[in-house]
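What follows is a short report on a single structure.
First the proteins, then the strands, lettered A, B, ... as listed; each starts at 1. Just so it is clear, the model here is predicted, and its values are computed rather than measured.
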Amino acid sequence: MTLKEAIITSDILLKVRGLKKHFRLTGRIFKKAAVIRAVDGVSFDIHRGETLGLVGESGCGKTTTGLTILRFYPPTAGSVYFEGKDIFQTTKREMRKLRQEMQMIFQDPFLSLNPRMTVYDIIGDAFDIHGLARGAEKDRRIISLMKKVELIPHHMYRYPHEFSGGQRQRIGIARALALKPKFVIADEPVSSLDISVRAQMLNLLQDLQEEFELTTLYISHDLSTVKHICDRVCVMYLGRIIESADVKELFNNPLHPYTKALILAIPIPNPKLKRKRIVLKGSPPTPIDPPPGCRFHPRCPYTPKPICKKEEPELIDVGTSTKHLVACHFISSNLRQNPTRHLEE
Amino acid sequence: MFLLAYLAPGDPVTVFYLSRIGGRYSHAELDYIRQMLGLDQPIHIQYFRWIWRMIQGDFGQSYIWNQPVLPLIRSSILNTLRMMIPAFVLSILFGIVTGVISAAKQYSKTDHIVMASSLLMWSMPWFWSGLMAIYIFSVYLHLLPTGGMYTFGQPPTVVDQISHLIMPVLLYATSGAGFITRLTRSCMLEVLREDYIMTARMKGLKERVVIYKHALRNAILPVVTVVSLYVSYLVGGAAVIEFVFAWPGVGRLAVLAATQRDYPVVLGINMVVATVVLIALLIADISYAYLDPRIRY
Amino acid sequence: MTEEGEKLLSIKDLKTHFFTERGVVKAVDGINLEIGKGKILGLVGESGSGKTVTALSIVRLVSYPGKILNGYILFQNENLLEKNEREMRHIRGNRISMIFQDPMSCLNPVFTVGDQVAEAIRLHQDIPRSEIEQSVVNIFEKVGIPDAKKRLKEHPHKFSGGMRQRVMIAMALSCHPDLLIADEPTTNLDVTIQLQILNLMRKIKRDFKTSILLITHDLGVIAEMADHVAVMYAGKIMEYSDVVEVFSNPLHPYTKALLESVPRLDVETRRLRVIPGTVPELLNPPDGCRFSPRCAYTREVCRKEVPPLIEIKRGHSVACLRMNDIDTERGDNNV
């Protein structure tokens, strides 16, 4: 058992229930205001010490989910419990305290760092805002954080543009960790980086997770990385979670046809490997007007039955040894029958 | 606007009659004139009366010229447009062409020359350049008339009119062209960095087609917006140029009216000019929708 | 470099440098490449390795202050570097065409997609005006744009990312080019859409016998698509071979490290191999082997001498001075 496995407990740190976030597009004359159902009823738990992956294609609502949990967006419906406390019902002062414990690492390290602030100010800002450290103590903490993310401490009076992409992401991580948060949301933290730098960052994230005993929500479209870094995975499609399971279970035994197609679509750096692919037709519909019934039915490789077009499937546990939640009407029959459409190679 | 005119020191009666006629009127007579013009009423009554008349198309009487305001403005605005429209068209054509050329040849000698001269053209004050032009072309070279629309005492021929137009139009146009050149150049440079320009080059198109078809069509969009705002600037500038060249246009009228507290005229000009600017913006918006398929109303 | 089959394109000792105010950026610094007829050459590298500049050099569209200094580019036995601009225009979009990374920004927003494709056809093919629309419809159907007749009258903003890339491919294929250069064609697309586009490119290669230069940083895409692979780093080719050889028997330390540094679906890895440092700035590239500051096997000689690209087995070339030693030796400079 690795250290990582040891720190995962059965204790639930973050509980999300029926989270919805709809955006209203301002209506034009003669047209009804459209509603984007970016997140449309999402529920999941994150255990203390765990890394939960939230995967899906662009527009599936994964980033909105993360931002709504941290109350960057006001939620449309649902609740989020952090250590048993409903964070949508907290006062402003309580929320400020909670912000210390919940942090975010953004996708683009350049856009998320204020270009006019030095690294010292970017990292040290959190200490000032929350009144945690001052003077020599603050300097000491900043230096130790910079060392932890493998930045050279005497670069602390430099500005973000003087660093490479990878180093900037390290600054972003140091800032997020400054307040010793319990929970971190990492939104595509490596996707803008070069391959060789990406590996450095993934290893760093793993180390820091162990050292700070972090619970992480890892949002990404890159399944290879998710498989590498996450303990459990939720797959999202058009604002809904359609499958969730332990990482090994999900990749070895994907049950939802979308998950299957998604995993098979990932190119593997092994030219000798020949796989049967399911090629999904078209692109995901917009979350403005999601299809009725199962949201995936227009692209589903199995010919949809009438029920798929009418009823939205519930997320149910079909796992044998571990929990494995799937939202598909024909989950058992899908297991037996072969896909009928969109098959290639 | 109305309030501003009201607050200006001195009322029209005092300014006009005292200055012109030299204080030969008694206070009773002045009061009578005020009463006739309706200036004895409280300001809000004056205001609503003015609005009500304006809606009906009556902008009131000029205090000074003793004519209805509207025909006065109409004839002067036609004179202004006679000068401004050719100037505007010239400056747009010239500005866009030179802007595109200098963007296409960025950092070349042509580019540097165009940039320097456009800056000069754009930043020269009209009262100075106007006077210099009059000095050189009229006084010194005797090529062009010094001002006015026609030569007095001669039948108005086309040649005569044009010779009067040349200097104000060119002066107007060069300044505008300088501005539009710089604007077009920066918009073009931005567009030339876009990926679809590379796509167009990759098709094997001639550079000329790439620039004038693919790039210009996109670069023109921001130019249209700014140029429509520039119209109001031009109208403001009309006052200076018209004064320098004694052109009986609306700008000159506005200045004359303002210095003599002829409020109905000043306010009328304001309304008309504001309408003209609004129409220009509307035209710009409509052409924007036509030029950019992403915008549909 | 020798191999079977006819050559479509061979590049010898190509140097493209950028003369900036801060100094000379040696973006492409003496590279050799070959693409066989009807084959896919995968060009892998990280950002700043010079992949895109290589592509632009082939079609001679390197923009100011870039300049091609040296070498020759033989395309169907003609040296492209000796062509004048008029002759190059006849090649671009006709015999060599290109698709780019970001399908969102590479179509002109103010023209309909049909017009943009038709423009290329009108330019290079001698077909009557009345038939152009039909040939656009045909090519749209070939690249899988449904409802082609209606859609070609629409502007790009009405198309999704995947569909725009199909339009780009349609435009590129409209004149049946011999070489298609695809610069990161799927990087900004979702995986399910990426699969559609990759399948389409495979179909193009099969049906039209088009050679493809596939530029990407995604090793998975290379493994699935390419016949041969060239690994590029800081303006130099580090390794070149056929795809199976590169992935199963990589010889250059950079290739090896790169393969071990990506998380993979098919292999269980606890810990990724890390290449320390970052991609060097090409304004002041490191002396000697450009990978030497980050390499686990660096010796004094690597910092002094530039390793030549040497064919060590049939069709497998490597640019490394210590290649014969590293099999027996564990990387010791590795962190």
Side-chain angles (χ1 to χ4, degrees), chain B residues 96 100-112 115 184-185 187-225 284-297, chain C residues 21 52 55-56 58-65 85-113 115-125 153-158 164 167-168 171-172 174-175 177 180-181 183 188:
Chain B
I96 287 178
V100 167
I101 289 172
S102 87
K105 302 188 172 164
Q106 199 192 359
Y107 303 132
S108 69
K109 216 170 234 170
T110 326
D111 182 31
H112 290 306
M115 277 301 93
T184 309
R185 177 178 179 268
C187 293
M188 276 297 282
L189 287 178
E190 202 139 295
V191 169
L192 284 173
R193 274 196 292 271
E194 295 281 345
D195 289 350
Y196 52 76
I197 296 303
M198 193 49 94
T199 307
R201 288 197 180 121
M202 197 49 229
K203 271 184 210 172
L205 291 171
K206 286 182 187 146
E207 192 60 20
R208 212 181 57 230
V209 182
V210 172
I211 283 173
Y212 284 94
K213 184 175 169 193
H214 286 264
L216 185 56
R217 190 60 202 280
N218 284 282
I220 208 85
L221 295 170
V223 175
V224 167
T225 316
D285 270 0
I286 292 170
S287 54
Y288 210 99
Y290 168 75
L291 288 169
D292 188 347
R294 283 164 296 188
I295 296 171
R296 284 284 170 263
Y297 295 106
Chain C
E21 280 169 22
T52 300
L56 293 177
I58 295 172
V59 288
R60 301 251 315 272
L61 281 177
V62 179
S63 52
Y64 180 86
E85 181 56 25
R86 206 177 56 81
E87 291 167 324
M88 273 317 289
R89 278 206 305 270
H90 185 68
I91 289 172
R92 284 180 212 137
N94 189 18
R95 290 160 67 194
I96 303 178
S97 54
M98 190 158 170
I99 55 178
F100 303 93
Q101 173 170 6
D102 191 356
M104 300 318 256
S105 64
C106 54
L107 288 167
N108 195 329
V110 303
F111 299 109
T112 65
V113 292
D115 280 347
Q116 294 187 52
V117 176
E119 194 177 29
I121 298 176
R122 245 193 329 265
L123 202 63
H124 297 296
Q125 284 180 338
K153 296 203 174 66
E154 289 177 6
H155 287 89
H157 67 277
K158 296 214 168 150
R164 286 190 209 193
V167 173
M168 280 303 290
M171 192 188 295
S174 58
C175 301
L180 174 68
I181 301 174
D183 187 0
N188 285 344

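- In this structure, the portion of C/Leu56 lying under 4.5 Å from any heavy atom of chain B is its side chain and not its backbone.
- Highest contact tally toward chain B, considering only C/Gly93, C/Ala172, C/Ser63, C/Cys106, is held by C/Cys106 [criterion: heavy-atom pairs under 4.5 Å].
- When B/Lys206, B/Gln106, B/Glu207 are compared by the number of non-hydrogen pairs under 4.5 Å with chain C, B/Lys206 comes out ahead.
- In terms of heavy-atom pairs under 4.5 angstrom with chain B, the leader among C/Gln116, C/Arg86, C/Met88, C/His90 is C/Gln116.
- Contact of the B/Leu216 side chain with the B/Val191 side chain is not registered, since no non-hydrogen atoms from C-beta on lie closer than 4.5 Å.
- Of the atoms belonging to C/Leu123, it is side-chain heavy atoms, and not backbone ones, that fall under 4.5 Å from chain B.
- Interface remark: of the candidates C/Ala120, C/Pro109, C/Pro156, C/Pro109 forms the most heavy-atom pairs closer than 4.5 Å to chain B.
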Practice task
Show your reasoning for whether side chain to side chain contact (heavy atoms under 4.5 Å, CB included) applies to C/Met168 and C/Met98.
Solution key: CA-CA 9 Å; C/Met168 280 303 290; C/Met98 190 158 170; over 6 Å; no
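- Under a cut-off of 6.0 angstrom, the local environment of CD in C/Gln125 is crowded, with over 12 non-hydrogen atoms contributed by other residues, nucleotides or ligands.
- At a 4.5 Å heavy-atom cutoff, the contact between C/Val59 and chain B is made by side-chain atoms alone.
- Proximity to chain C (any heavy atom under 4.5 Å) is shown, for B/Leu205, by both the backbone and the side chain.
- Between the side chain of B/Asp195 and the backbone N or O of C/Ser105, no donor-acceptor pair lies under 3.5 Å.
- Using a 4.5 Å cut-off on side-chain heavy atoms (C-beta onward), C/Arg60 and C/Arg92 make contact.
- Side-chain contact between C/Glu119 and B/Val209 is present, with at least one heavy-atom pair separated by less than 4.5 Å.
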